[in-house]
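So the structure is just underneath, and the comments pick up after that.
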Amino acid sequence: MITNYIRTAVRSLWKNKVYSFLNIFGLMTGIACAGIIFLWVEDEVQYNSMHEKKDRLYVVLQHWQYDGYKRTFWSTPALMGPAIKAEFPGVANICRTTEEPVSAMFNNGSTAYYASGMYADSSLFSMFTFPFVEGDVRTAFSQPYSLVITERTARKFFGQTTNVTGKMLKMDNKQEYMVTGVLKDLPQNSTLRFEWLAPFQTYFNQNKWLTSWDANAVNNFVEMVPGTDVAAFNRQLAAYVKAKFSRAVTTPFLFSMNDWRLRGDFVDGKPAGGRIGYVRLFTIIGWIIIFIACINFMNLATARSEKRSKEVGVRKVLGAGKGRLIVQFIGEAMMMSFVATLLAVVIISLLLPAFNAMVGKEMVLGLQHPSHWAALLAIAAVTGLVAGSYPSLYLSSFNPVAVLKGIKMPGGSAAFIRKGLVTVQFTVSIVLIISTIIIYQQIEHVKSRKLGYNKDKLLEMNVTGRMGHDFAAIRQDLLNTGLIENAAMSDHVTIEGGNNTNAFRWAGSSDKGILISNRSVTPAFFATSGMELKEGRDFLPGATVDSFSVVITESLSRIMGAEGNIGRNLLIPDEGEVNYYPYRIVGIVKDYVYGDMYGKPDPVAFFKRDNGPRVMYIRVAANADPEQAVKSIEQVMSKDNPGYPFAFRFVDEQFNAMFSSEQLIGRLSRVFASLAIIISCLGLFGLAAYTAERRTKEIGIRKVLGASVAGIARLLSMEFLKLVLLSAVIAFPLSWGIMARWLDQFSYRTAIHWWVFILAGGIAVLIALVTIGYQAIKTATQNPVRSLQAE
């Protein structure tokens with residue numbers, strides 16, 4: 001019996017092969033698009049899933065109270081981890097790592113490369129799942145100068161991933177480290193990413209300032225004993241840290257690894273979501289795309305109802321019941337859905353590499369996983385049932401007597417539903433078009449924001465070797481090239497965050513604790529970066545000149561009031577915050593944007609300190625060719641800082657990279673909008689062809705009576721243009737609400753302009769005209785004699 005159903009369905013599909021092709025193509029496009037979206041969602045949801053203890057792993061975060069507002073940071077004291085492990089029974093293990101990736105140069109005697117890694121406690125290997133391919137996990141960090149590297153790093157330095165333990169690598173041309181282990185390459189969807197690991201104790205011994213409870217500069221990861229009450233533990237932890245460091249205005253708490261990727265945003269100390277918003281959004285869009293494909297199927301199936309009415313009538317006369325016909329038509333829909341799904345798998349496999357390049361992931365189709373096959377089968381079944389439900393009920397309800405007598409079916413409700421479905425399709429398409437435009441506007445709005453510094457033609461380099469010690473000579477050699485305008489150093493990257501404190505005071509200041517960032521720079525930093533001095537001057541050269549001077553931003557000057565003027569003092573505490581030393585304000589620089597590109601920047605205090613610079617900035621001359629300038633810089637660095645490979649980055653490229661999430665949303669919106677329009681147009685094309693076919697004789701009579709080609713084309717087009725215009729009316733307020741809510745998450749955002757809606761509506765109308773125009777003109781230019789002779 002099943003064989004008969006299949007045979008009947010195949011014959012029916014082949015008989016209506018043009019419409020079957022359009023249906024399968026529409027379903028295939030929708031399922032392929034949704035499949036790629038769901039792979040992206042799966043990758044996001046399964047972030048850090050490689051760690052077997054994921055449900056028991058936490059990081060210690062801290063809410064800091066600043067002037068009545070809470071900020072949340074990952075940085076915590078290095079003393080915290082060992083202390084809570086020793087004194088809290090619910091802690092199974094702890095692991096400390098450096099807060100930020102450490103870029104170091106390694107030399108194996110023949111080649112030198114920069115690699116990014118971190119210092120970590122040996123407990124990392126038992127808490128997190130990072131499989132060893134060579135070496136012993138128990139002795140990997142038994143020596144202070146041990147080094148564990150990834151397979152990729154091993155290939156980089158040694159050209160192989162085996163037989164590398166015991167080999168030596170010299171870090172920054174100073175200390176030799178022995179390779180004691182090789183880890184399997186880290187998956188892309190891992191929060192912890194590194195090329196090398198070294199013992200945290202070595203880093204701790206080299207930085208004695210970490211021995212204080214107010215030195216918040218590392219990450220503390222915690223493995224909890226199963227069944228521990230985390231909420232109760234957090235309350236105990238807050239009281240414990242307060243007892244250790246009474247001046248701290250902080251509330252530490254455990255933050256589960258399950259939430260690191262998706263729910264890592266906090267506003268005023270409260271969870272504010274994160275990438276989970278994008279996961280939900282894309283999941284909804286994926287199902288919407290499938291639904292649009294289903295709508296396309298329903299439209300084409302019901303539009304062909306008259307062609308299949310006699311088939312239904314004959315089958316009913318021969319004894320086929322309504323239930324059997326419903327099964328047949330749903331079977332046809334299911335068959336097309338499964339064929340479309342198989343074709344979609346092929347399309348996904350072909351498009352996935354390009355999609356990975358666009359979103360910066362390493363996703364695979366993963367057909368070896370039963371769950372993926374189950375998901376594909378579920379999508380195919382749901383799509384087939386949804387797409388075939390209405391057409392099967394509609395077609396099976398035909399009256400056989402009326403059909404066989406040639407009485408036309410009223411079809412009023414079917415026509416109404418078809419128009420409603422087309423309206424839904426184009427409503428979604430217009431919403432996506434508007435969303436794409438507004439997302440693009442928001443990104444460009446922030447990119448064009450006045451930053452307070454000039455990011456163009458500005459190079460940034462990590463300070464290596466003797467760059468800090470010999471900076472004066474290096475700077476002069478750079479200026480002598482004639483291609484460099486200026487150079488300076490800083491202890492932090494300009495566009496990112498850095499050290500901050502609430503310990504600075506001034507005459508008459510309160511104890512509310514204003515969060516102030518502090519930067520150590522060399523003279524000419526402001527000229528090099530392009531920051532504009534509002535009052536006063538830059539730091540002066542000389543070893544002892546300006547040792548107790550400070551340059552502040554205008555926002556800090558406003559907060560300080562009269563004490564924020566040139567010549568007044570900012571009081572800086574010693575390490576114990578017992579004694580305060582006056583630093584004379586010699587300059588006020590205009591506020592600049594850093595860290596959160598959408599937010600209001602915190603006030604900053606700049607100090608002249610030549611010790612511990614981390615980055616060098618080089619300003620290329622305005623009339624110089626950047627490519628030639630880079631070659632000149634490389635020559636200077638090769639001469640003045642030998643033994644270190646030349647590496648640099650342009651600040652404007654760093655700036656653009658800070659909008660990766662928004663740019664991803666923009667790119668995906670463009671793709672989704674295009675696919676939604678393509679699928680919608682397939683249905684519209686089929687309906688236009690069907691309408692033209694039904695009205696062939698009417699058009700023939702109109703032409704005989706003198707109607708023009710343009711008039712007939714306009715007549716056929718207006719029916720569908722009205723639906724598109726109705727879609728626009730529905731889509732405009734809907735898209736405004738959606739995008740207004742999206743923009744609300746940014747404190748610095750663009751306005752929603754009225755012309756965006758007109759443009760999106762115009763695009764939809766134009767696409768609809770192109771889609772139905774061909775059929776309309778083709779029908780209008782046919783010879784009326786031929787159609788009337790057939791009557």
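- With a 4.5 Å cut-off on side-chain heavy atoms, Leu169 and Val179 count as touching.
- Stacking of Arg96 on the aromatic ring of Phe204 is recorded, both the 6.0 Å distance cut-off and the 45° axial limit being met.
- Partner Ile149 forms a side chain to side chain contact (heavy atoms under 4.5 Å, CB included) with one of Phe157, Phe106, Phe158 and no other, that one being Phe158.
- More than 12 heavy-atom neighbours from other residues, nucleotides or ligands sit within 6.0 angstrom of CD on Gln175.
- By the neighbour-count criterion of 12 heavy atoms within 6.0 Å, atom NZ of Lys590 is sparsely surrounded, having that number or fewer from other residues, nucleotides or ligands.
- In this structure, CG in Leu451 is found 11.0 Å from OG1 in Thr494, a value given to the nearest 0.5 Å.
- For the atom pair CD (Gln654) and CZ (Arg649), the distance works out to 5.5 Å, reported to the nearest 0.5 Å.
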*Yes or no on side-chain hydrogen bond (donor to acceptor under 3.5 Å, both in side chains) for Asn258 and Asp55, after CA distance, side-chain angles and deciding distance?*
CA-CA 7 Å; Asn258 293 313; Asp55 294 335; 3.2 Å; yes

*Asn216 and Thr76: CA distance, side-chain angles, deciding distance, side-chain hydrogen bond (donor to acceptor under 3.5 Å, both in side chains) verdict*: CA-CA 4 Å; Asn216 294 280; Thr76 47; 5.9 Å; no

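- Looking at heavy atoms from C-beta onward, Leu254 lies in side-chain contact with Val60 at the 4.5 angstrom threshold.
- Looking at Lys53 and Glu223, a side-chain N of the basic residue comes within less than 4.0 Å of a carboxylate O on the acidic one, giving a salt bridge.
- Under the 4.5 Å side-chain criterion, counting only non-hydrogen atoms from C-beta, Phe504 is in contact with Leu570.
- At least one side-chain heavy atom of Asn641 sits less than 4.5 Å from a side-chain heavy atom of Thr464.
- Inspection of the Thr150 and Thr153 side chains reveals an N or O donor paired with an N or O acceptor under 3.5 Å.
- To the nearest 0.5 Å, atoms OG (Ser212) and CG (Leu79) are separated by 7.5 Å.
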*Could you go step by step and tell me if Glu100 and Arg614 meet the salt bridge (Lys or Arg N to Asp or Glu O under 4.0 Å) rule?*
CA-CA 13 Å; Glu100 298 176 353; Arg614 295 174 55 192; 3.3 Å; yes

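- With sequence neighbours left out, Phe266 forms a ring-ring contact (aromatic ring centres under 6.0 Å, His included) with His63, Phe253, Phe255.
- In this structure, Asn107 and Ala112 approach most closely via the heavy-atom pair ND2-CB, 4.0 Å.
- A salt bridge is defined here as a Lys NZ or Arg NE, NH1 or NH2 lying under 4.0 Å from an Asp or Glu carboxylate O, and Asp185 with Arg155 meets this definition.
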*Stepwise side-chain contact (heavy atoms from CB on, under 4.5 Å) check, Tyr113 with Asn108*: CA-CA 9 Å; Tyr113 299 101; Asn108 66 356; over 6 Å; no

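- Proximity of the aromatic rings of Phe650 and Phe655 is defined here by a centroid distance below 6.0 angstrom, and this criterion is not met.
- Taking the six-membered ring where the residue is Trp, the centroids of Phe88 and Phe233 are separated by under 6.0 Å.
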_Go through it in stages, so that I can follow the logic: the residues are Tyr114 and Tyr644, the test is ring pair (Phe, Tyr, Trp, His ring centres under 6.0 Å), and I'd like the CA-CA distance, side-chain angles, deciding distance and then a yes or no._
CA-CA 9 Å; Tyr114 290 104; Tyr644 291 86; 7.3 Å; no

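- Judged purely by distance below 3.5 Å, without hydrogens or angles, the side chains of Glu87 and Tyr240 pair a donor atom with an acceptor atom.
- The ring of Phe141 has its center no closer than 6.0 angstrom to the ring center of Tyr119.
- Contact annotation: the side chain of Leu262 approaches that of Val279 to within less than 4.5 Å [non-hydrogen atoms, C-beta and beyond].
- For Arg152, the CZ atom is loosely surrounded, since the number of other residues' heavy atoms within 6.0 Å does not exceed 12.
- Inter-residue side-chain proximity for Arg619 and Asn454 is flagged as met; some heavy-atom pair is nearer than 4.5 Å.
- Using a 4.5 Å heavy-atom threshold, the side chains of Tyr278 and Trp40 count as touching.
- Ring geometry for Tyr592 versus Phe606: interplanar angle of 30 to 60°, hence tilted.
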*asked:* Between His492 and Tyr594, is the ring pair (Phe, Tyr, Trp, His ring centres under 6.0 Å) condition met? List the steps.
replied: CA-CA 11 Å; His492 282 92; Tyr594 67 95; over 10 Å; no

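- A 6.0 Å sphere centred on CE of Met178 holds no more than 12 heavy atoms belonging to other residues, nucleotides or ligands.
- Atom CG in Asn220 sits 9.0 Å away from atom CD in Gln62 (nearest 0.5 Å).
- The shortest distance between side-chain heavy atoms of Val521 and Phe539 falls below 4.5 Å.
- Between Asp259 and Arg275 there is no salt bridge, since none of the side-chain N atoms of the basic residue sits less than 4.0 Å from a carboxylate O of the acidic one.
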_For Tyr617 and Val615: C-alpha separation, side-chain torsions, deciding distance, then whether side-chain contact (heavy atoms from CB on, under 4.5 Å) applies._
CA-CA 7 Å; Tyr617 287 98; Val615 287; 3.7 Å; yes

_Intermediate values then yes/no, side-chain contact (heavy atoms from CB on, under 4.5 Å), Leu124 and Leu197_ = CA-CA 10 Å; Leu124 177 139; Leu197 295 169; 3.9 Å; yes

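- The aromatic rings of Trp260 and Phe128 are tilted relative to each other, their planes meeting at an angle between 30° and 60°.
- Residue Lys361 qualifies as enclosed at atom NZ: its count of foreign heavy atoms under 6.0 Å is above 12.
- Heavy atoms only, all atoms of each residue included: Ala154 and Val182 are closest at CB-CG1, 4.5 Å.
- Closest non-hydrogen pair, Val463 versus Pro613, comes out as CB-O, 3.7 Å.
- Here the straight-line distance linking atom OG of Ser146 with atom CD of Gln201 works out to 12.5 Å at 0.5 Å rounding.
- Smallest separation of non-hydrogen atoms from Gly274 and Asp265: CA-OD2, 3.4 Å.
- The two residues Pro523 and Ala488 make their nearest non-hydrogen contact at O-CB, 3.9 Å.
- In this structure, the side chain of Trp196 engages the main chain of Ala115 through a donor-acceptor pair within 3.5 Å.
- Salt bridge annotation for Lys270-Asp268: absent, with no cationic side-chain nitrogen under 4.0 angstrom from a carboxylate oxygen.
- Between Phe194 and Gly117, the shortest heavy-atom distance links the atoms CB-CA, 4.0 Å.
- For Tyr581 and Tyr583, the ring centers sit 6.0 Å or farther from each other.
- Separation of atoms CE (Met257) and CG (Leu57) is listed at 4.5 Å; rounding is to 0.5 Å.
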*Quick one: do Ser116 and Val102 satisfy side-chain contact (heavy atoms from CB on, under 4.5 Å)? Show the steps, please.*
CA-CA 5 Å; Ser116 178; Val102 178; over 6 Å; no

